[in-house]
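I have placed the structure first, in the form of structure tokens, so that the comments after it can refer back to it.
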Amino acid sequence: KVAAEGDGFVVEVSIVLDEVIKAKELQICDFDVKIGGTQWNSVGIVELEAYAEELSAGAVNSVAELVAKLEAIEDGEVAVDVDKFELPEAPEGYTIELNGADFEQIIADDLTVTHPLTDKEVQVSYKVSDANGESAITKDITYIVKGVHVQEAGMNEKPVVIPEIQEWYSAEDGKMKTSILTTAGYDDSSLEAIVDEFIADYEAVTGVKLEKEQGKGGPGMIYFNKDAEASSGEEGYEMQIRFNGIEIISESVTGSMYAAQTILQMVTQNPDELPVGIMRDYPRFEVRGLLLDIARKPIGMEMIREIARTMRYYKMNDFQLHLSDNYIFLENYGKFGTENEAFKAYEAFRLESGLTNEAGESPTAKDYSISKAEMKDFIQSQRALGMEIVPEIDMPAHATSFTKIWPELMVVNKVSPLNSNRPLVDHVDVSKPEAIAKIKEIFDDYTKGENPTFDAETIVHVGADEFVDNYTAYRDFVNEIIPHVKETNTVRMWGGLTWIDDGKTEIVKEAIENVEMNLWSSDWADGKQMYDMGYKLINTIDDYGYMVPNGSMGRSNAYGDLLNVQRIFNTFEANRVKTRSGYVSLPSGDDQILGAVYAIWSDNIDKHASGLSESDLYYRFFVLPYHISSLTNFRI
């Protein structure tokens, strides 16, 4: 018997049996409850837990309980004399592993600690498992990793560049006069291309032409030192600015290139002097990029190369080229009996194709296209400078460039369930085996053969978004095409598996493992659901990062002419993904959280033409880093 309390209910009841009873089911009955003058024989139970034995103080009974206990940890600290990160002690029957740190350059996957120059905040998440195989990941838990120095007041402050330098320490208040710099030196021949580019850019900014010299460093030099033992990671570097010169240490060409961009940004602000001090710099996220729709708006290779160069200046490293698409508003042309009128709408596939139909017609755009040789050279030359070029061929929707050439493979006599006037002539009918075979052939044209346009190191984007016809056939397409392209290349795709879900067709693990996904809409792909499935995620959410230029110069959260950069600066995080019930933060150091991309879409063409030029689009690319440069503490 338990007496009621408060407003007629007991908040917590503990029942200890006199003897052990082994059972698979537990039934609670024979209630005798009296409230006022009313007698009740039932009761509401909000939560029930059954234990094999009485829990000792501080013990846990489930993975969820242990996760909650870990997440309740207040900010931890890693002392300066600790060189191995210590995991929390796991209760009996449980294991606790490091899931990841957002700055693996400080707390590595093998738990090695590299102490920063001064104290630095690092986010850590854990994987918790029990003996039955159940596991869960904690949210980010903050640790302060103590630095090897304490920055004294009055010394040189950290230079302001975009993105913010991760670490800085100075024991000086004096400056290095740039007039002493005469030479750009380097020790490894792989750095020569970076040094050549730096010398040209340095002259453009300062008017000073540096000499080039391979060998050892010395006074009056900006010296690039490639060292496999450097501690700042593949894209990181250490820079020492002394009174008599600058030395850069990095394990890679990419890290050396980013160090050069930091110097260029500093001398652009002050060409006469630089603060003496030490910096360590590295990215927080692996992918920092731009998606550019060059299908619906022709953009020349000269402008594309200029954009890539400017991206590197701001330490962006992922340039996704949307190569195939068509005018969205096909209802402006016809449907059902007149649906073929929609083939008059603007469409373009910007890449040279080796395939034709029986009439000898190619899907390649006639107004402007890029040759296979030029695309191959662009991909490989940019990679050598630290830039990933990701070509995207969008299938099986947005595909009028292909259904126009092979009309026997298109979806016939149907309209979109989202717009009853819009014909689906831009959809490849993936329920047909011959359509799947053609899509494979289209990708094979670039990924296979003796001299593939997309070599094995190229990430290939297969599209896979906004298909609104046969959901089962679509999921079969995903299950077949992604493993096929994975035979030669890493695959990226658009998130659409929340919307396009027949509830029956499971996505096979070969179409998930190591596959990258652009999260662009929580309706089409719930970010948490895609994370739980196992996809590697790139936050491309329209709510923050979609521009659809129209010339109005208005700022919007999504689909406007310009981005709302203040909102992006204040609240956007690459690991904060949108779900159908709102935003959730995923562990920032998790291997599945790759980073973020913002997008410029050329929807306003054809009967919605805006009249914007490629230079106008360049401005909209540049507007994000340019406007954020007026804000402080910007980090990627």
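Index from 1, following the sequence.
Rounded to the nearest 0.5 angstrom, Thr447 OG1 and Ile442 CD1 are separated by 12.0 Å. Interatomic distance, Leu586 CG to Asn575 CG, rounded to the nearest 0.5 Å: 7.0 Å. Annotation: the span from Tyr314 atom OH to Thr310 atom OG1 amounts to 8.0 Å, rounded to 0.5 Å.
Between Lys372 and Asp445 there is a salt bridge, since a side-chain N of the basic residue sits under 4.0 Å from a carboxylate O of the acidic one. Between Lys344 and Glu341, at least one side-chain N (NZ, or NE/NH1/NH2) sits under 4.0 Å from a carboxylate O, which counts as a salt bridge. Note on Glu192 versus Lys212: salt bridge recorded, some NZ/NE/NH1/NH2 to OD/OE distance being below 4.0 Å. A salt bridge is defined here as a Lys NZ or Arg NE, NH1 or NH2 lying under 4.0 Å from an Asp or Glu carboxylate O, and Lys536 with Asp591 fails to meet this definition. A salt bridge links Arg475 with Asp501; the closest basic N to acidic carboxylate O contact falls under 4.0 Å. No salt bridge links Lys297 with Asp325; every basic N to acidic carboxylate O contact stays at or beyond 4.0 Å. Residues Arg309 and Glu197 are paired through a salt bridge, judged by an N-O separation under 4.0 Å between the basic side chain and the carboxylate.
Taking the centre of each ring, Phe329 and Tyr327 come in below the 6.0 Å mark. Note: Phe467 and His427 meet the aromatic proximity criterion, with ring centroids under 6.0 Å apart. Aromatic pair Phe103/Tyr282: ring centres closer than 6.0 Å. In this structure, Phe224 has its ring center under 6.0 Å from that of Phe198.
Applying salt bridge (charged side-chain N to carboxylate O under 4.0 Å, His left out) to Glu235 and the options Arg284, Arg288, Lys315 leaves one that passes, Arg288. A salt bridge (charged side-chain N to carboxylate O under 4.0 Å, His left out) with Arg383 holds for exactly one of Asp455, Asp377, Asp318; it is Asp455.
Side-chain N/O atoms of Thr364 and Ser362 include a donor and acceptor closer than 3.5 Å. Residues Glu466 and Trp494 have side chains that never bring a donor and an acceptor to within less than 3.5 angstrom of each other. With 3.5 Å as the limit, one finds no donor-acceptor pair spanning the side chains of Asn489 and Tyr446. In this model, a donor atom of one side chain and an acceptor atom of the other lie less than 3.5 Å apart for Asp444 and His484. Between the side chains of Asn332 and Lys607, no donor-acceptor pair is found at a separation under 3.5 Å. In summary, the side chains of His461 and Asn518 do present a donor paired with an acceptor at a separation below 3.5 Å, with no hydrogens or angles considered. Tyr583 and Asp543 share a side-chain donor-acceptor pair at under 3.5 Å. For the residue pair Asp502 / Tyr474, no side-chain donor-acceptor distance below 3.5 Å is found, with atom types taken as modelled. Remark: the Gln529 side chain and the Arg580 side chain contain no N/O donor-acceptor pair separated by less than 3.5 Å. For Tyr559 and Trp601, the side-chain atoms include no donor-acceptor pair closer than 3.5 Å. Ser613 and Tyr618 share no donor-acceptor pair across their side chains, judged by distance under 3.5 Å alone. If you check the side chains of Ser190 and Lys226, you find a donor sitting under 3.5 Å from an acceptor. Side-chain contact, Asn604 with Asn550: no donor N or O sits under 3.5 Å from an acceptor N or O. Side-chain atoms of Asp426 and Thr400 form no donor-acceptor pair, as typed in the model, at a separation below 3.5 Å.
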(message) Does Tyr531 form a side-chain hydrogen bond (donor to acceptor under 3.5 Å, both in side chains) with Asp590? I'd like the steps, not just the answer.
(response) CA-CA 10 Å; Tyr531 172 76; Asp590 195 300; 2.7 Å; yes

(message) Pair Trp520, Tyr546 - check side-chain hydrogen bond (donor to acceptor under 3.5 Å, both in side chains), show working.
(response) CA-CA 9 Å; Trp520 71 280; Tyr546 264 31; 5.4 Å; no

(request) May I have the step-by-step check of salt bridge (charged side-chain N to carboxylate O under 4.0 Å, His left out) for Lys404 and Glu347, ending in yes or no? (result) CA-CA 9 Å; Lys404 191 174 186 178; Glu347 49 74 25; 3.4 Å; yes

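A pairwise comparison of heavy atoms in Gln214 and Ser189 identifies NE2-N, 3.5 Å as the closest pair. Considering all non-hydrogen atoms of both residues, Ser250 and Gly255 come closest at OG-CA, 3.3 Å. A pairwise comparison of heavy atoms in Arg620 and Ile600 identifies C-CD1, 3.9 Å as the closest pair. When all heavy atoms of Val462 and Ile482 are compared, the pair lying nearest together is CG2-CG1, 4.3 Å. The two residues Lys432 and Glu408 have their closest heavy-atom pair at NZ-O, 2.8 Å.
For Glu302, the CD atom is loosely surrounded, since the number of other residues' heavy atoms within 6.0 Å does not exceed 12.
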